[in-house]
Number of protein chains: 2
Amino acid sequence: MTDEQWMKQAIKQAKKAAEKDEVPIGCIIVHDGKIISRAYNQREIKQLSTAHAEILAIQKACRKLGTWRLENCDLYVTLEPCPMCTGAIIQSRIRRVIFGAYDPKGGCMGSCTDLLKVKGFNHYPEVSSGICQEECSDLLKEFFKEKRKQKKS
Amino acid sequence: MTDEQWMKQAIKQAKKAAEKDEVPIGCIIVHDGKIISRAYNQREIKQLSTAHAEILAIQKACRKLGTWRLENCDLYVTLEPCPMCTGAIIQSRIRRVIFGAYDPKGGCMGSCTDLLKVKGFNHYPEVSSGICQEECSDLLKEFFKEKRKQKKS
């Protein structure tokens, strides 16, 4: 499977979020060539500030593997991770992060800051960015366009 | 109540962690002059990378108040928050953070980096640091000293 093929699975999750009126961000975690965890942003449904797609996916993966060390896991997410999710990725020792769209308003893997360039942490994942960027970004643009329409009417 | 008095409650939580052989870090969240949430680090017990004291306390507070917006809440924690927890505090719009010991190995409120100086986020809490610093720090030192002894014997 290529990064693009895995990212399509994360995009599927993002679309589920949109259907539930949540900001469309989706995430999957891959281990040994299999998806062990899928999640989408559920902040509003759960009224939980930590219910970002990445955090939910990491929590599921820890439960599935029975360990907090996700050392041989790769995380695919449609949007560049925020500070909380970048931190959770570091804490989980995830091997590789692959993200789609860049987030100038909160992204901590290069856009607002690059947390992975800060010295002193226990772990630094590899990062690939801009995978299926347009599709990931269009999902978000479409969602917010629709939201603005709803507000006006 | 003073910051020191609230911090003593967070220290109580940290001691509970130590009793369970977890790195002793404790946290409470105060809203309207009352503690609405208490938690201690449970990463090993839960085998969950996100089970830091602050994340568990934030999740409890959201459930208690029925909202992800913890706007009038103050968070007391015995150790300077890591990137994940600093991010969760930003995401939760917590009003004020009061921490005890500084963390040169992961602290993101000044020690390794200062995430609150990064531009572009939606929210920035006020921070007071070094409250009951010695007591918070001694708890950690004692814990790791004991661990090293156990390893040697």
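Reckoned from all heavy atoms, side chains included, excluding hydrogens, waters and symmetry mates. In this text, all values refer to a predicted model and were calculated from it rather than measured experimentally. Numbered from 1 within each chain, the chains take letters A, B, ... in sequence-line order.
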Passing candidate, side-chain contact (heavy atoms from CB on, under 4.5 Å) with A/L75, options A/I29, A/V30, A/L70: A/I29
Just give me the residue among A/K105, A/R69, A/K119 that pairs up with chain B most often, heavy atom to heavy atom, under 4.5 Å. A/K105
Non-hydrogen atoms of chain A under 4.5 Å away: do they reach the side chain of B/T50, the backbone, both or neither? side chain
Could you tell me which of A/A88, A/C85, A/C82, A/A61 has the largest number of non-hydrogen atom pairs under 4.5 Å with chain B? A/A88
Most heavy-atom pairs under 4.5 angstrom with chain B, which of A/Q59, A/Q91, A/R43? A/R43
Tell me, side chain or backbone of B/L48 under 4.5 Å from chain A's heavy atoms, or both, or neither? both
Please rank B/S111, B/P104, B/S92 by heavy-atom pairs under 4.5 Å with chain A and give me the top one. B/S92
Mind checking whether A/T113 and B/L115 have side chains closer than 4.5 Å, heavy atoms only? yes
For residues B/S129 and B/M109, determine if any side-chain heavy atom of one lies less than 4.5 Å from a side-chain heavy atom of the other. no
So, the side chain of B/N41 versus the backbone of B/V23: is there a donor-acceptor pair under 3.5 Å, distance only? yes
Residue pair A/I58 / A/H52, side-chain heavy-atom distance below 4.5 Å: no
Atom group of B/C108 that falls short of 4.5 Å from chain A, counting heavy atoms: side chain
Would a distance-only check, ignoring hydrogens and angles, find a side-chain to backbone donor-acceptor pair under 3.5 Å from B/Q133 to B/A101? no
